**Student:** 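Mind having a look at this structure? Questions to follow.
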Amino acid sequence: MFFRDCSGSVALSPAMRQCKASIRGFLLLRVLYMRLSRYFLPILRENPKEAEIVSHRLMLRAGMIRQESAGIYAWLPLGLRVLNKINAIVREEQNRAGAIELLMPTMQSADLWRESGRYDAYGKEMLRIKDRHERDMLFGPTNEEMVTEIFRAYVRSYKDLPLNLYHIQWKFRDEVRPRFGVMRSREFLMKDAYSFDLDQAGAIHSYNKMFAAYLRTFARMGLKAIPMRADTGPIGGNLSHEFIILASTGESEVFCHKNFLEMDTPPADIDFDDRATMQGVFDTWTSRYAATSEMHDAPAFEALPESEQVSARGIEVGHIFYFGTKYSEAMKAVVNGPDGKEATVQMGSYGIGPSRLVAALIEANHDDNGIIWPEAVAPFRVGLANLKVGDAATDAACASLYEKLEKAGVDVLYDDRDDRPGAKFATMDLIGLPHQVIVGPKSLAEGKVEMKNRRTGAREMLSVDEVLNKLGA
RNA sequence: CGGGGUAUAGCGCAGUCUGGUAGCGCGGAAGUUUUGGGUACUUCAGGUCGUAGGUUCGAAUCCUGCUACCCCGACCA
């Protein structure tokens with residue numbers, strides 16, 4: 001606006017002119033950015049042989065990821081868009097629950113881990129590296145030590161509690177056998193949050209807050225995640241839940257009450273600061289039977305009426321832990337309490353794997369033709385297909401639709417490639433955008449375009465205005 | 001970490017047994033054709049056959065070492 005106003009009468013300085021030009025260039029780039037002919041979407045027509053499970057196959061075919069080493073992947077533009085959408089939801093829900101984002105480094109000093117005793121305990125899964133000065137470093141598999149170090153450096157008073165710090169950052173665990181694409185990779189993205197409280201009651205409340213936030217997070221992605229009592233593994237502690245989504249290709253066997261599939265998730269305006277409310281959420285969601293095979297209690301499960309038993313396979317998408325003073329004690333993270341005495345802080349940690357979630361979402365949402373993205377995480381909401389590039393009327397209709405959708409802030413990918421209709425349909429179905437707007441000379445002759453719902457397959461013949469209306473543009 | 005396997009064009013594969021200087025399909029480029037569910041045809045480009053060494057007049061092919069990747073199990077966000 002400012003530039004348009006001054007461009008007419010006022011002489012611009014060279015710097016201003018350059019600035020204006022670069023802004024115009026930026027806008028132009030933004031428009032071209034989502035034209036398929038100018039995008040980077042390396043689709044594979046054939047199935048890569050190494051991909052055993054459907055999500056891995058579809059991620060490779062849809063040009064979302066590329067393997068660079070065993071268990072190490074590059075995220076291509078389409079995959080990155082999904083990852084970012086997931087991260088955005090995770091962030092919103094973490095913030096809503098009172099967690100605060102920071103960013104810690106991937107490389108850590110071994111000394112930090114020697115303090116907690118985990119440098120030797122962690123085993124070969126931890127990637128150990130020496131720097132040029134022969135100092136022992138490591139690529140972090142998790143961050144309890146580092147966040148505790150940061151906490152103890154600054155926090156001295158109980159008045160600064162409770163505190164929950166999180167980041168979304170790449171982790172490395174040198175898995176013996178990475179497989180299933182990004183489902184079990186060595187390098188993976190993790191949202192890890194760490195809570196600090198003065199006492200156990202406070203720590204339980206922090207745990208419950210994350211518990212509720214996780215239920216909301218997964219629900220927003222269209223996933224029904226079931227919290228299951230879990231083993232704590234090398235993190236330690238005695239209270240822990242895994243969040244599992246049911247999928248036939250899941251890695252673990254799970255058992256639960258069928259009611260989980262119908263339970264309501266906490267609303268957005270629930271009071272995260274009210275202990276009773278949070279405890280209520282926790283109690284409700286842990287009142288029914290739910291366990292992974294490691295924690296399975298067969299007699300208790302079989303005591304349920306058979307019609308209420310669900311025995312299935314599941315994918316772990318989140319894991320939360322309350323471990324008390326395991327790290328704060330070893331690393332001397334203490335605060336002065338109201339009584340003037342030093343108290344060792346109570347901690348918990350809370351992980352979600354966004355990169356794994358991408359695969360899990362595909363496992364839960366696909367058909368023979370490809371991926372079916374839930375709206376909330378779709379790389380683009382709308383796919384606009386021009387069935388006859390070069391036809392003036394079709395080109396004009398697409399350009400107009402494209403521009404209006406863009407202006408309304410609708411994520412749209414415009415397939416303007418000079419290609420056969422069949423190829424475009426196949427591409428759209430493969431990459432799974434929720435809405436397809438199909439524009440060709442036949443329907444256009446009647447003043448209509450076709451809108452197809454990827455999930456239901458339902459097609460409607462609509463006017464351009466009706467399409468814009470439906471998409472909220 | 002145990003067991004099994006693979007490595008030849010961007011992807012999927014044949015050729016290896018029986019040594020003679022590399023081929024098919026898809027994809028890519030150019031063209032003609034076609035235009036509402038991966039169109040057909042023509043032409044073209046693209047490979048030091050994972051790597052190092054050995055045997056041989058000659059190695060993708062035979063021998064040895066190494067590396068990478070995949071699968072099955074035991075382990076894990």
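Because the structure is a prediction, the values reported are computed rather than measured. Quick note on labels: first sequence line is chain A, next is B, and so on, each numbered from 1.
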**Student:** Sequence neighbours left out, what passes side chain to side chain contact (heavy atoms under 4.5 Å, CB included) with A:Arg459? Give chain and number order.
**Tutor:**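 A:Arg459: side chain to side chain contact (heavy atoms under 4.5 Å, CB included) contacts with A:Glu450, A:Lys452.
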**Student:** Kindly write out the residues that satisfy ring-ring contact (aromatic ring centres under 6.0 Å, His included) with A:Phe282, not counting sequence neighbours, or none if the list is empty.
**Tutor:**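 Listed in chain order: A:Phe211, A:His241.
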**Student:** Can you list the residues that meet the ring-ring contact (aromatic ring centres under 6.0 Å, His included) rule with A:Phe180, with sequence neighbours excluded?
**Tutor:**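 Testing A:Phe180 for ring-ring contact (aromatic ring centres under 6.0 Å, His included), a comparison that skips the adjacent residues, returns none.
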**Student:** Excluding sequence neighbours, so at least two apart, what forms salt bridge (charged side-chain N to carboxylate O under 4.0 Å, His left out) with A:Lys448?
**Tutor:**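 Here no residue qualifies.
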**Student:** Residues from residues 68-75 of chain A sitting under 4.0 Å of RNA chain B, heavy atoms only?
**Tutor:** A:Ser69, A:Ala70
**Student:** Going by the rule salt bridge (charged side-chain N to carboxylate O under 4.0 Å, His left out), which residues pair with A:Lys404 if we only count those two or more places apart in sequence or in a different chain?
**Tutor:** none
**Student:** Show me the donor-acceptor pairs within less than 3.5 Å that the side chains of residues 68-77 of chain A make with the rest of the protein, sequence neighbours left out.
**Tutor:**
from	atom 1	to	atom 2	distance (Å)
A:Tyr73	OH	A:Gln67	OE1	3.3

**Student:** Between A:Gln67 and A:Glu316, which has a closest nucleotide on RNA chain B that is more 5'?
**Tutor:** A:Gln67
**Student:** For nucleotides 1-12 of chain B, print each protein N/O atom paired with a nucleotide N/O atom at under 3.5 Å, atom names and distance only.
**Tutor:**
from	atom 1	to	atom 2	distance (Å)
B:C1	OP1	A:Lys124	NZ	2.9

**Student:** Got a sec? Which of residues 106-116 of chain A come in under 4.0 Å of RNA chain B, heavy atoms?
**Tutor:**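 When residues 106-116 of chain A is checked for heavy atoms under 4.0 Å from RNA chain B, there are no hits whatsoever.
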**Student:** A:Lys424: which residues meet the side chain to side chain donor-acceptor pair (under 3.5 Å) condition with it, sequence neighbours left out?
**Tutor:**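 Once residues adjacent in sequence are excluded, A:Lys424 has no partner under the side chain to side chain donor-acceptor pair (under 3.5 Å) criterion.
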**Student:** Excluding sequence neighbours, so at least two apart, what forms ring-ring contact (aromatic ring centres under 6.0 Å, His included) with A:His435?
**Tutor:**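 Residues passing ring-ring contact (aromatic ring centres under 6.0 Å, His included) with A:His435: none at all.
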**Student:** The criterion is ring-ring contact (aromatic ring centres under 6.0 Å, His included); which residues satisfy it with A:Trp373, sequence neighbours excluded?
**Tutor:**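 By the ring-ring contact (aromatic ring centres under 6.0 Å, His included) rule, A:Trp373 matches no residue at all.
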